[in-house]
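Here it is, the structure in full.
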Amino acid sequence: MASDPIFHLIPLSLVWVWVTLRRNSIDPNLLNFIGLMTWRYSRLLINIWFYLRYQPAGIPRERSVHPGDVTIILPTVFDSKTYASDLSECIQSCLLTGPAEIIITTDTEENCEILQQVVTEIRNRLQTDGSCEKCNIPIRIVNCAVSSKRKQVATGIRLATTSLMVFVDDHVFLKPRFLDATVCAFEDPEVGLCGTTKTVRRQVPKTGWPGGWYWESFWNVMGALYLTRHNFEIRATNAADGGVFVVSGRALLVRTSIVKDERFLSQYLDERFLLGLLGPIAPDDDNFLTRWVTKHGWNIKIQDTDEARIETTLGQPDKFLKQCLRWARSTYRSNTCSLFTDRTVWRRQPWTVWTTFIPSLSNLAVFWDAGIVYSFMKSKLYLESNSSSKLLLGLCLWIYFAKSIKLMGYFRHHPRDFFLFFFPIPAYHLFAWCHSFIKLYAAATFYKTNWAGRKLNNPTLPDARQNTAWSKFGTSPPDAGQISCAFAFDVDGVLLKGGTPIPGARETIEMLQRWQIPFILLTNGGGMTEEAHVALISKRLGVSLSADQFVQSHSPYRDLVDEYRDQNILVIGGAKDNCRKVAESYGFRKVFTSSDYLLSDNDVHPFPEMTGPKHMEIAKESRAEPLRKKARMAAVFIWASPRDWCLDQQLLVDVLRPRDDDGGDQPRLYACNPDLQWATSYEEPRLAQGAFVSGLRGIWKDLNQGQEELEYVQFGKPTQATFEYGERALQGYKDRLNGQNKTNNQIKTVFMIGDNPESDIKGCNGYRSPFHTVWKSVLVETGVYKAGTVPAHTPTCFARSCRDAVQWALQQEGHIPT
């Protein structure tokens, strides 16, 4: 809710009235007592009212958001297999919620190996238990090489492609219907962040003797009561005005569009405070996210239901006090930022400001309680009363038992703990009063930003204001208005190899994005839409790329849609039915595949034993009449590398050699990838689409007694048409950057970075730009080209990797020192 500024005058007016009355009162101590009681307990009564009025988001009959729209991001660091056993339960509970994917980010290769074993054991266990449908949910384990929750979460954010994300700590356990119970909050398009309530897992004390048992149980129960208070407060304030002082990072859901914003990631990885003098902050990541969502106009929903409630571990004697200290420091840093730096909460969350944000800065129970008792005992009401001892006893009982109101949710489920830790044994009160001194120490040491409570391996955060990927060059990013170069990258063998990022590739792309230098990916790969393919590459690289930066081998086919929109075309290649779908997405309306031919006439395939059944699964045409007689093709498009060479080459010979009764011109043949080979995870390059076309050319020539060459139109690198199409995309991306940066940069030089001399280097060297730009080629050693050999086409420069190639190019342009 948005408030009128006059709302905030009400409590200030009450303070003014209190000061005025006290100045003229014959019993100022009584007014001190009334003022302290009002400030201390009026907000409690207000929160009780809103707590009871709270309503969770319901699950509608017709849902637009589902668990399959969620990626779970789980950052973890650990140093023992004992801890990994707890983590195993966390991962399994995440799997059972049914997300689209789980991304686990950790800090060492050793932990990656342990996690891989843990995941394998979980899958085997689920198969044994009959939960096979959950076993196939993808789980990716990523080594971030740094013990930093923010860095690890940011890595997961860049990899995720779903519309929603869940951030889960590694000591949290979810219920199977957790996602069903929480994603419904996002049926409201204005909700950007969803938090949950929490319970603490009861730990069985390891000590047998009574004193040790009570000591261990004490910390476990104090942790549980701590979170119970937090549950009460966030539910009440969320019901009041949608406010929440922090959505706990133990488990939260957020819209992907919010956290993929480069502005968010930049500030998230480099949060500073006290006018930017201190930082970057390692903890407080959930506080930052909560403030960001509020500041940018999104609503927050707290989902307090049984299925949405998470279970967590808390209250270990060796680290709970350190955690309390860290949380208290976070409160002082974050809440002052919300009140005095961001200031959005004054307008959007007025009730929360006065019931939570402001009181949290002075909520020192031991001083408030002592002040209330002291002022009452100094008042004339007490001194002149005949029942002063009874009045004092009543006041003390109120102070004592009022602390139980927020805790009733816990004591209702664990009544024994009420008698062991609340009454008659005042263990909770002693802890609450001691916690006041922890908060005082936290206020005095708020500048300390380490992760108290967990041992990390030298946690570091990159300084996003500096050139972190290129810090070894000792330079800072150039002014956006000085950029006059751009880049075109091949993908396989340059950025990826067998789906795995080549070392330095991700950092190189991130640096170009940070420096606002235009670049595109110009690949001879394909077989899916540009949107789907770039999403896959973004996921594998761990960066965010857009479809307008991505040119595939068959992207130039878009220019042929007007010619063949309503004519029959045959598409060859690709996995399953993907190429038909891509062609239809481009705008072609009558698309057939080799599978359709086989379904309409089994005899078309000379050797169907191995592949025939697969074709039958994806074919669309009926068996009523052979497709050859039913529909004449106007054109044939080799769309991606064929999977069934035998059938496809036989079919192309049939279609391209019309019989006398066809009555028409020979269909036009188009191919889009002349590469003979491409780099995979195998030690030697593998045959590609170009090899298929070479085989077809030889067959065609032999069938015509060497008198006729196969006629076809070639796209893909190294053709002029593909490089020209790619440069149009590059110029368009440059124009978008100019609009964002309010610059008018013109691209003068484009550096083509590739691994294949026959496609990347040959194409770049021979390209004649209609935009009059200069193209320079760089040949890297991470793919098809082998270091030390002499390539058929000489590049402008040799480089070991794309990172070295970009470094050389930027040195040539004067953007970094040589």
Side-chain angles (χ1 to χ4, degrees), residues 47-61 63 65-70 72 74 86 89-99 129 131 134 164-188 191 193-203 220-221 223-240 242 244 246-254 286 299-315 404-418:
N47 278 344
I48 292 173
W49 168 256
F50 285 114
Y51 180 89
L52 298 174
R53 291 176 58 85
Y54 166 85
Q55 291 292 330
I59 302 176
R61 292 183 178 179
R63 301 169 61 178
V65 187
H66 303 83
D69 299 320
V70 173
I72 294 179
L74 199 164
D86 294 332
E89 183 181 356
C90 172
I91 297 171
Q92 179 169 321
S93 73
C94 291
L95 260 180
L96 292 176
T97 63
D129 295 341
S131 301
K134 303 295 175 62
L164 297 175
M165 297 185 196
V166 176
F167 300 162
V168 176
D169 279 358
D170 54 9
H171 50 280
V172 165
F173 316 106
L174 309 180
K175 296 179 181 178
R177 288 182 52 81
F178 173 81
L179 290 182
D180 286 299
T182 52
V183 297
C184 55
F186 295 93
E187 297 287 347
D188 181 349
V191 170
L193 180 64
C194 176
T196 66
T197 51
K198 302 156 288 294
T199 59
V200 171
R201 172 169 290 184
R202 294 177 68 82
Q203 303 290 340
N220 187 219
V221 172
L225 295 178
Y226 192 102
L227 291 192
T228 302
R229 285 175 53 88
H230 187 270
N231 291 342
F232 179 92
E233 291 167 355
I234 62 174
R235 168 171 162 161
T237 57
N238 195 239
V244 180
V246 60
V247 175
S248 172
R250 293 177 186 271
L252 59 82
L253 295 86
V254 64
D286 45 6
N299 292 341
I300 299 173
K301 180 63 181 177
I302 295 298
Q303 194 70 344
D304 184 14
T305 65
D306 288 339
E307 294 293 341
R309 194 167 298 120
I310 67 166
E311 187 180 34
T312 184
T313 57
L314 188 66
S404 71
I405 294 175
K406 295 180 180 181
L407 310 177
M408 282 304 176
Y410 176 81
F411 289 136
R412 187 171 63 251
H413 293 95
H414 307 288
R416 186 183 68 166
D417 288 348
F418 179 85

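All figures in this text were calculated on a predicted structure; none of them were measured in a lab.
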Quiz item: Which value, rounded to the nearest 0.5 Å, describes the distance between Asp170 atom CG and Cys94 atom SG?
Solution: 10.0 Å
Exercise. Taking all heavy atoms of Pro99 and all of Ile72, pick out the closest pair and write down the distance.
Key: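 Minimum heavy-atom separation between Pro99 and Ile72: CG-CD1, 3.8 Å.
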Exercise. Using atom types as modelled and distance alone, determine if a side-chain donor or acceptor of Asn231 lies under 3.5 Å from a backbone N or O of Lys198.
Key: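 Yes; judged by distance alone, with no hydrogens or angles, the pair exists.
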Quiz item: In chain order, what residues pass the side chain to side chain donor-acceptor pair (under 3.5 Å) check against Ser93, with sequence neighbours excluded?
Solution: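 Once residues adjacent in sequence are excluded, Ser93 has no partner under the side chain to side chain donor-acceptor pair (under 3.5 Å) criterion.
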Quiz item: Is a donor on one side and an acceptor on the other found under 3.5 Å between the side chain of Thr305 and the backbone of Ala308?
Solution: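 Pair found, side chain donor or acceptor close to backbone of Ala308.
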Quiz item: Closest approach of Val70 and Met165, non-hydrogen atoms and distance?
Solution: CG1-C, 4.5 Å
Quiz prompt | Short side-chain to backbone donor-acceptor contact, Asp304 and Pro56, under 3.5 Å | solution = no
Quiz item: ring pair (Phe, Tyr, Trp, His ring centres under 6.0 Å) with Phe411: which residues, sequence neighbours excluded?
Solution: Phe418, Phe422
Quiz item: Just how far is it from atom CZ of Arg235 to atom OH of Tyr54, taken to the nearest 0.5 Å?
Solution: 6.5 Å
Practice problem: Taking the side chain as every heavy atom from C-beta outward, state whether Leu314 and Leu227 have any pair of such atoms under 4.5 Å apart. | Solution: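 Yes, their side chains come closer than 4.5 Å.
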Quiz item: Going by atom types alone, do Arg250 and Thr312 pair a side-chain donor with an acceptor below 3.5 Å?
Solution: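 Side-chain D/A pair, Arg250 to Thr312: present.
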Exercise. Please check if the side chain of Asp286 supplies one atom and the backbone of Gly249 the other of a donor-acceptor pair under 3.5 Å.
Key: yes
Practice problem: Check Leu193 against Phe186 and note the closest heavy-atom contact, atom names and distance. | Solution: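 Smallest heavy-atom distance, with atoms named: N-CE2, 4.0 Å.
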Exercise. Kindly compute the distance separating OG1 (Thr196) from CD1 (Ile302), expressed to the nearest 0.5 Å.
Key: 7.5 Å
Self-check item: Atom pair CG/OG1 of Asn220 and Thr313 - distance to nearest 0.5 Å
Solution: 9.5 Å
Quiz item: Residues in side chain to side chain donor-acceptor pair (under 3.5 Å) with Gln203, at least two apart?
Solution: none
Quiz item: If you round to the nearest 0.5 Å, how far is CZ of Arg412 from CG of Leu407?
Solution: 12.0 Å
Practice problem: Would you please test Arg309 and Thr199 for side-chain hydrogen bond (donor to acceptor under 3.5 Å, both in side chains) and show each step? | Solution: CA-CA 7 Å; Arg309 194 167 298 120; Thr199 59; over 6 Å; no
Quiz item: How would you list all residue pairs meeting salt bridge (Lys or Arg N to Asp or Glu O under 4.0 Å) that involve residues 224-234, not counting sequence neighbours?
Solution: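 Residue pairs with at least one partner in residues 224-234: Arg229-Glu233, Glu233-Lys406.
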Practice problem: Only counting residues at least two apart or in another chain, list the ones meeting side chain to side chain donor-acceptor pair (under 3.5 Å) with Glu311. | Solution: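 For Glu311 the side chain to side chain donor-acceptor pair (under 3.5 Å) partners, ignoring immediate neighbours, are Arg201.
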Quiz item: What residues form a side chain to side chain donor-acceptor pair (under 3.5 Å) with Tyr410, not counting sequence neighbours?
Solution: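 Tyr410 satisfies side chain to side chain donor-acceptor pair (under 3.5 Å) with Arg202, Asp417 only.
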Quiz item: Any side-chain heavy atom of Cys90 within less than 4.5 Å of one from His171?
Solution: no
Quiz prompt | Tyr226 backbone acceptor or donor facing His230 side chain under 3.5 Å | solution =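 No; judged by distance alone, with no hydrogens or angles, the pair does not exist.
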Quiz item: Considering residues at least two apart in sequence or located in another chain, which fulfil the side chain to side chain contact (heavy atoms under 4.5 Å, CB included) criterion with Ala57?
Solution: Cys184, Ala185, Lys301, Gln303
Quiz prompt | Shortest non-hydrogen contact from Phe50 toward Ala236 | solution =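 Closest pair (atom of Phe50, atom of Ala236, distance): CB-O, 3.4 Å.
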Under 3.5 Å donor-acceptor pairs involving side-chain atoms of residues 172-183, not counting sequence neighbours:
residue: Lys175; atom: NZ; partner: Asp306; partner atom: O; Å: 2.6
residue: Asp180; atom: OD1; partner: Arg63; partner atom: NH1; Å: 3.2
residue: Asp180; atom: OD1; partner: Arg63; partner atom: NH2; Å: 3.4
residue: Thr182; atom: OG1; partner: Phe178; partner atom: O; Å: 2.8
residue: Thr182; atom: OG1; partner: Leu179; partner atom: O; Å: 3.4

Practice problem: Find the distance between CG (Leu253) and CG (Leu164) and round it off to the nearest 0.5 Å. | Solution: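 Spacing of CG (Leu253) from CG (Leu164) equals 7.0 Å.
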